[in-house]
Amino acid sequence: LAVPALVALGRAADGAAARAAAAAVTDRPVPASLLRLAEAAIAATDPVAALPLFIEAAEAVEAVPPAVVLPDTPHALAALVAVTAGDAATAQHLLDRALATGVGGPVAVDRHRLLLAWVRMRVGRYDTAVAELRRLAGAQLPGRERLLLAAVAAGLARRSGDIARLREAWTGVEQAVARGAVDLFSIEPVEELAVAAARLRRQAGVLPVLDGLSQVVATLGQPAAWAVALGWIHLQIGVAGDDPAAVTAAAEQLASVRASGARQRAQCTAARCWAAVLCADVDGDQVAEATGLLADAELPWEASRLAGQAAIRTSDPRLARRLLERARELAGAEPTAAPGRAEAQLGGLSEREVEVARLVLAGATYREIGARLFISAKTVEHHVARVRAKLGATTRAEMVAALREVLDDR
């Protein structure tokens with residue numbers, strides 16, 4: 001039970017020793033589900049490799065719930081790791097499973113629901129996040145869940161461009177940051193808090209937290225996925241503060257990391273592009289590539305932001321129009337608006353996503369769909385990724401089956 005916490009604090013060797021000691025016990029054998037959870041945590045320095053182990057641990061805990069109180073569930077940890085691995089669909093699926101099966105008991109419900117809201121916010125599904133903020137207004141939450149709630153509130157305010165709401169959210173952010181209780185698995189939610197601080201010129205309160213996270217990542221040997229996640233936070237802080245020097249420094253730091261995962265490669269490519277854009281060096285093809293990679297990596301808001309920043313800095317009016325259109329495509333739904341009745345009946349799909357979905361069901365290729373709707377094949381791919389995430393489908397076959405049910409007779 002201690003292993004995930006030890007790894008999260010950078011003590012991977014101690015975690016491995018604890019797991020080995022537990023596995024050696026013969027008089028009271030440790031449940032297989034807990035051994036697998038410990039094994040997954042030890043592998044978490046590589047999120048892509050760790051995710052299947054976390055999934056197995058989650059399935060084992062569902063099948064035979066251990067007779068102990070879990071400090072955290074494999075579903076929650078898997079969701080955080082899955083986002084870093086660029087697999088939000090798996091994160092959503094596991095959190096839905098946790099809520100359906102009651103893993104972790106009543107005490108885990110708020111954590112699972114908040115994580116689900118946070119994941120969906122990250123991929124552009126704002127309705128769940130807004131609902132959770134309303135549900136938990138005034139609730140007394142433990143520190144870990146307060147951090148998640150603050151991340152969701154700050155993220156929604158930032159994505160809506162509402163500085164007044166961001167200031168309102170700052171109280172929760174400030175309290176979460178002041179506790180300093182962050183670890184490896186909280187790096188992604190901390191990004192929302194750090195960028196909120198930068199937008200409000202309150203970076204001083206966040207710097208100790210980032211220093212602590214840097215120490216954890218360094219102690220673990222600078223694993224690429226987490227080093228990129230941390231460097232990405234510094235890049236986004238620079239973007240929020242409109243600080244080209246800070247963005248360039250962060251981009252150079254990211255360029256030194258040997259990123260292996262698709263999501264990390266997308267972030268490193270986008271970092272170089274962002275540094276150029278903030279210095280008014282806008283290359284339309286580079287921006288198109290970077291935003292496409294970010295969208296594929298389930299970072300649509302960041303992709304939209306990059307396209308928008310490039311549009312206002314280019315001196316070419318035609319390119320500016322193209323980039324603004326790209327930014328609008330990537331932005332998706334407004335975070336302040338809940339889906340209407342028609343959208344809710346269609347599984348939360350927007351009108352454009354329904355158009356794309358019908359053509360997918362008709363067997364059209366991305367290129368054919370793009371030609372029909374006057375959008376690029378890459379944009380079609382982005383829409384399909386959003387449709388898949390909204391429907392909670394983990395494979396193309398599951399998505400097609402869900403679409404047939406949702407769009408039947410409509």
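Here the structure is a predicted model, which means the values were calculated and not measured.
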Nearest 0.5 Å, what's the CE-CZ distance between Met399 and Arg396? 5.0 Å
Could you report the tightest heavy-atom contact between Leu184 and Trp226, atom names first, then the distance? O-CZ3, 3.4 Å
Scanning both residues in full, the closest heavy-atom pair of Pro189 with Ser186 reads CD-O, 3.2 Å
Going by the rule side-chain contact (heavy atoms from CB on, under 4.5 Å), which residues pair with Leu207 if we only count those two or more places apart in sequence or in a different chain? none
Check against side-chain contact (heavy atoms from CB on, under 4.5 Å), Val190 and Leu213: CA-CA 10 Å; Val190 163; Leu213 290 174; 4.0 Å; yes
Close side-chain approach of Arg305 and Arg158, heavy atoms under 4.5 Å: no
With a 4.5 Å heavy-atom cut-off, do Thr73 and Val61 have their side chains touching? no
Using the salt bridge (Lys or Arg N to Asp or Glu O under 4.0 Å) rule, collect all pairs that involve residues 282-294, keeping only residues at least two apart or in two chains. none
Give every donor-acceptor pair under 3.5 Å between a side-chain atom in residues 4-13 and any protein atom, sequence neighbours left out.
unit_1	atom_1	unit_2	atom_2	d
Arg11	NE	Asp14	OD2	2.9
Arg11	NH2	Asp14	OD2	3.1

Kindly say whether Ala288 contributes a backbone atom to a donor-acceptor pair with the side chain of Thr291 at under 3.5 angstrom? yes
Side-chain contact, heavy-atom cut-off 4.5 Å: Val109 with Arg113? yes
For Arg135, enumerate each residue passing the side chain to side chain donor-acceptor pair (under 3.5 Å) test, keeping only those at least two apart in sequence or located in another chain. Asp110, Glu132
Of all heavy-atom pairs linking Ala271 and Leu254, the shortest is CB-CD1, 3.6 Å
Considering all heavy atoms, the nearest Leu294-Ala270 contact: CD1-CB, 3.6 Å
Using side-chain heavy atoms (C-beta onward) and a distance below 4.5 Å, is Asp183 in contact with Val216? no
Can you check side-chain contact (heavy atoms from CB on, under 4.5 Å) on Val354 and Arg358, steps first, answer last? CA-CA 6 Å; Val354 169; Arg358 291 191 187 282; 3.7 Å; yes
Do the side chains of Arg328 and Glu325 get close enough for a salt bridge, i.e. N-O under 4.0 angstrom? yes
Does the pair Glu62/Arg97 count as a salt bridge with the N-to-O cut at 4.0 Å? yes
Determine which pairs satisfy side chain to side chain donor-acceptor pair (under 3.5 Å) with at least one residue from residues 194-216, sequence neighbours left out, and list them in order. none
Side-chain polar contacts of residues 78-90 - donor-acceptor pairs under 3.5 angstrom, sequence neighbours left out - could you list them?
unit_1	atom_1	unit_2	atom_2	d
Thr84	OG1	Leu80	O	3.3
Thr84	OG1	Glu188	OE2	3.3
Asp87	OD1	Thr90	N	3.2
Asp87	OD1	Thr90	OG1	3.1
Asp87	OD2	Thr90	OG1	2.7

Got a list of side-chain donor-acceptor pairs under 3.5 Å for residues 233-250, not counting sequence neighbours?
unit_1	atom_1	unit_2	atom_2	d
Asp242	OD1	Arg313	NH2	2.8
Asp243	OD1	Ala245	N	3.2
Asp243	OD1	Ala246	N	3.1
Thr248	OG1	Pro244	O	2.8

Quick one: side-chain contact (heavy atoms from CB on, under 4.5 Å) partners of Ser260, sequence neighbours excluded? none
Is the shortest heavy-atom distance from the side chain of Val360 to the side chain of Glu355 under 4.5 Å? no
Sorted by chain and number, sequence neighbours left out, side-chain contact (heavy atoms from CB on, under 4.5 Å) with Ala227 holds for Val217, Gln222, Val257
Heavy atoms, side chains only, cut-off 4.5 Å: are Val387 and Val356 in contact? no
Got a second to check how far Leu293's CG is from Arg263's CZ, nearest 0.5 Å? 13.0 Å
A side-chain contact here means heavy atoms from C-beta on lying under 4.5 Å apart; do Met121 and Arg159 qualify? yes
Report, one line per pair, each donor and acceptor closer than 3.5 Å where one atom sits in a side chain of residues 28-51; sequence neighbours left out.
unit_1	atom_1	unit_2	atom_2	d
Arg36	NE	Glu39	OE1	2.9
Arg36	NH1	Glu56	OE1	2.0
Asp46	OD1	Val48	N	3.3

Pairwise distance CD1(Ile312) to CG(Leu324) - rounded to 0.5 angstrom: 9.0 Å
For Asp296, the side chain to side chain donor-acceptor pair (under 3.5 Å) test, sequence neighbours excluded, returns Lys378
Which atom names give the shortest non-hydrogen contact between Ala151 and Glu192, and what distance separates them? O-CB, 3.6 Å
Of the non-hydrogen atoms in Trp274 and Glu302, which two are nearest, and what is the gap between them? CH2-O, 3.3 Å
Test item: Arg367 and Val380 side chains (from C-beta on) under 4.5 Å apart, heavy atoms: no
Do Glu298 and Arg386 meet the salt-bridge criterion of a basic N to acidic O distance under 4.0 Å? no
Enter the distance from Leu94:CG to Phe54:CZ here, rounded to the nearest 0.5 Å. 10.5 Å
Between CG of Leu330 and NE2 of His383, what distance do you get to the nearest 0.5 Å? 8.5 Å
Evaluation steps, side-chain contact (heavy atoms from CB on, under 4.5 Å), between Val400 and Arg404: CA-CA 6 Å; Val400 169; Arg404 285 177 177 146; 3.6 Å; yes
For side-chain contact (heavy atoms from CB on, under 4.5 Å), just list the numbers for Arg272 and Thr269, CA-CA rounded to whole Å, side-chain angles, deciding distance to a tenth of an Å, and then say yes or no. CA-CA 5 Å; Arg272 293 192 296 272; Thr269 299; 3.5 Å; yes
Identify, with sequence neighbours excluded, every residue that meets salt bridge (charged side-chain N to carboxylate O under 4.0 Å, His left out) alongside Arg111. Asp72, Glu145
Out of curiosity, Gln309 CD to Cys273 SG, how far, rounded to the nearest 0.5 Å? 11.0 Å
